[in-house]
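These notes are about the structure you will find just below.
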Amino acid sequence: MERTLSLIKPDAVGRQQIGAVINVLEQGGLRLVGAKLLRLSRAQAEGFYAVHRERPFFGALCTFMCSGPIVALVLEGPNAIQRNRELMGPTDPAKAPAGTLRQLFGTSIERNAVHGSDGPDTARTEIAYFFSASELNGLA
Ligand code: GDP
């Protein structure tokens, strides 16, 4: 069993695609153990994407990520990190296979509908960025 963080980004939330995204994740074999809707401050967006701060798209990415509400999800399942990445598809929606979240709901390399942790260490850090242990499994 493994856990990973998923974010439904402001583009998909703005188009009322929260339910459709969660449906793909659940039908894909992942279980929701944490969920919240929130709007990131600039500082929170910059902190979340700190690893990208030297990249040319960092400023635009942070502006986008705090442009509207997002949904943060903790997903659980066998190989949840890898499974979520498969269900998302690659960063660029134009290159994403049919039926993946980014093909279905993404519109550009920046506005690509969802985020997913890329490994066990980032999953742990990213889950802790949004959730305390007592907020998982409906315990809060
Ligand atoms: P991910 O793991 O597939 O989300 O991709 P990365 O970690 O490389 O990038 C993080 C996020 O930055 C992506 O999901 C996009 O929203 C955005 N991004 C990545 N590459 C580019 C780019 O070349 N241009 C712009 N504007 N945004 C990008």
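In each ligand, atom 1 is the first atom listed, and ligand 1 is the first ligand listed. Just so you know, residue 1 is the first one in the sequence shown, and it goes up from there. Because the structure is a prediction, the values reported are computed rather than measured.
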Query raised in the report: How far apart are the C-alpha atoms of E2 and R83, what are their side-chain angles, what is the distance that settles it, and do they pass the salt bridge (charged side-chain N to carboxylate O under 4.0 Å, His left out) test?
Result: CA-CA 10 Å; E2 198 173 60; R83 183 69 185 132; over 6 Å; no
Report task. For F131, check ring pair (Phe, Tyr, Trp, His ring centres under 6.0 Å) against everything at least two apart and list the hits. Result ->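 Once residues adjacent in sequence are excluded, F131 has no partner under the ring pair (Phe, Tyr, Trp, His ring centres under 6.0 Å) criterion.
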**Report entry** Residue that, paired with S6, satisfies side-chain contact (heavy atoms from CB on, under 4.5 Å) out of L73, V74, L87
**Finding:**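 So, applying the side-chain contact (heavy atoms from CB on, under 4.5 Å) to S6 and each of L73, V74, L87, only L73 qualifies.
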Requested in this report: Using the test side-chain hydrogen bond (donor to acceptor under 3.5 Å, both in side chains), find all partners of K95 that sit at least two apart in sequence or belong to another chain.
Outcome: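 None.
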Query raised in the report: Residues in side-chain hydrogen bond (donor to acceptor under 3.5 Å, both in side chains) with E46, at least two apart?
Result: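 Per chain and number, E46 pairs via side-chain hydrogen bond (donor to acceptor under 3.5 Å, both in side chains) with R42.
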Report task. Identify, chain by chain and in numerical order, each protein residue with a heavy atom under 4.0 Å from an atom of ligand 1. Result ->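 Protein residues near ligand 1 are K9, Y49, H52, F57, L61, R85, T91, R102, I109, E110, N112.
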Query - Check: Y49 ring centre within less than 6.0 Å of F58 ring centre - result: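 Not close enough - the centres of the two rings lie 6.0 Å or further apart.
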